[in-house]
Protein chains: 2
Amino acid sequence: MKLLLVEDDKFHADYLKKAAMEALPEVTEILHALDGREGEKQARRHSITAVVMDLQMKERNGIDAARTIWAERPQTRILFWSNYSDEAYLRGIARIVPDESSYGYVLKTATRERLNLALRAVLLEAQIVVDQQIHKVQHQTRTHDTLTDSEYAVLIDMSLGLSDKLIAKRQGMSLRTVQNRLLSLYDKLGVDSLESSPDDIAINKRTRAITRALSLRAINTESLESAERDLQRWLHRSSS
Amino acid sequence: MKLLLVEDDKFHADYLKKAAMEALPEVTEILHALDGREGEKQARRHSITAVVMDLQMKERNGIDAARTIWAERPQTRILFWSNYSDEAYLRGIARIVPDESSYGYVLKTATRERLNLALRAVLLEAQIVVDQQIHKVQHQTRTHDTLTDSEYAVLIDMSLGLSDKLIAKRQGMSLRTVQNRLLSLYDKLGVDSLESSPDDIAINKRTRAITRALSLRAINTESLESAERDLQRWLHRSSS
DNA sequence: AACACAGTTGCGGGTTCCCGCAACTGTGTT
DNA sequence: AACACAGTTGCGGGAACCCGCAACTGTGTT
């Protein structure tokens, strides 16, 4: 059995390699890629079906790489190993896991035992393992002000600079509906007029919504860059 | 001589500690803080004058912590040790270094020799050391499309959601001047109407400027959150 | 002194955004 | 069947934004 590690931090990669050798004696060969692009290449060349993947990497992030890998070999089992529990990352992953496969999400701050356990459970037993701390975050946001899928889509488009009209076209909504989604976004993201002693001050809701969303970890730079690529593809497709 | 390490990643902290012991035999005690806030506290309690600091940490980032430390003991020498070479971080640091002090900026991907050298040069010899790779980035952006200080200030305010009128008030400019700064921002950040086959599509320049700035690493979530705190302070001050 | 050039300011108007009001759908509850 | 409730759509108007045109300041160059 071959295992592919995709991780651009050398310290973390070393640690990971040791943990994998300890937890998975059935692994005969450990490959190591330094970014997402290289990870895709090696997975393809060696027909890898077991991957441990970091999320934030320069060049190409883990989610985009996972998408490509799963598109080529949907049965591939991927354990994500990352620092943060951003909603943006979670949403990205849950969206692309194929039915035939399993995946896991472990924080880098987890103990060695937790990591070892997740390695075996996900890569050998094909179970789905999500760190407890993540589930908590996922539920926190889900109960009190989660974004709907359509709200999320509008948020992304808006952040990329699309006008209401264009968003309507891309999302297949009417103009007014887009604006309604925006209204609820402003509400959920806590975009209010700034409070000042004499009276409230008018603000630009769009831009404030973006920084609020960044601050709440509903989006991040990676997800925006990835969405920008999708947008460009859509533009070329829909213009022809 | 006492040395304070501020670093929330345990692998990196271990490595750093080893490097410091090797490069700086004159150090008698190594303290370790896990985030910016704790770093400030320990620096205060032990009257630390030599610090190695990570930039991105949860809770409180390295730049804010450095600001507090330098406000209390300006002669403190700080070596920043970080993953990225974001323009946002660089701008933040250059802005707050006191004259009496020295600082350095080393990438985590640098070799052990480079790190050791920087440790001695900055913390003992009070020299200023900036990683070569950083200077390159700094120059790249400075030659072809750097943001002026006033442009940067307007960009931040705009990203926080201020209206043109409010930005004018905060920056002491006229309305039209703010708009001129915005125009040059749109230009420098590459905010253009989207190109599509038939004709160009109108976009929302403000929001697109933000994502472009994020993508070009002119700003990042940290710097926005930090700026948000400044804004709140300004609001309370100016309303009373 | 003459000139270039970058930055500041006012004016005016076309476009987009923000959102209240109101009507209509669909899903689920009692 | 009656009802609540969340989501969709149109209309219309006030506010904010985007920006061309034009004039004025200041700094530095020749």
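Order of the sequence lines sets the chain letters (A, B, ...), proteins ahead of strands, with each chain counted from 1.
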How long is the line joining CG of Asp187(A) and P of dA6(D), in whole Å?
12 Å
Please check: side-chain N/O of Arg77(A) versus main-chain N/O of Thr49(A), any donor-acceptor pairing under 3.5 Å?
no
Nearest-angstrom distance from the residue atom CE of Met173(B) to P of dT9(C)
8 Å
For Glu151(B), is there any backbone N or O sitting under 3.5 Å from a side-chain donor or acceptor partner on Thr148(B)?
no
Checking Lys108(B) against Ser82(B) for the side-chain contact (heavy atoms from CB on, under 4.5 Å) test, could you report, in this order, the C-alpha distance in whole Å, the side-chain angles of both residues, the deciding distance, and whether it holds?
CA-CA 5 Å; Lys108(B) 285 188 174 172; Ser82(B) 172; 5.5 Å; no
Using a cut-off of 4.0 Å between protein heavy atoms and nucleotide atoms, how would you tag nucleotides 10-18 of chain D 5' to 3' with B, S and -?
BB----SSB
Assert: residue with more 5' nearest nucleotide on DNA chain C, out of Asn180(A) and Ser150(B), is Ser150(B)
Whole Å only: how far is the CG atom of Leu166(A) from the P atom of dT16(C)?
11 Å
Using side-chain contact (heavy atoms from CB on, under 4.5 Å), reason through Val6(B) and Val52(B) one step at a time and then give a plain yes or no.
CA-CA 6 Å; Val6(B) 188; Val52(B) 183; over 6 Å; no
For the backbone of Thr211(A) and the side chain of Ser215(A), can you confirm whether one donor and one acceptor N or O come within less than 3.5 Å of each other?
no
Residue set satisfying salt bridge (charged side-chain N to carboxylate O under 4.0 Å, His left out) with Arg73(A), at least two apart, ordered chain then number -> none
Nearest whole angstrom, please: distance from the P of dA6(C) to the CD of Glu151(B).
12 Å
Under the 3.5 Å Watson-Crick or G-U criterion, the dot-bracket string of DNA chain D, with | for inter-strand pairs
||||||||||||||||||||||||||||||
Between CG of Asp149(A) and C1' of dA6(D) the distance, given in whole Å, is 16 Å
Within a reach of under 6.0 Å around NZ of Lys169(B), are more than 12 heavy atoms found that belong to other residues, nucleotides or ligands?
no
Validation row: Glu40(A), Arg60(A) side chains within 4.5 angstrom (heavy atoms)
yes
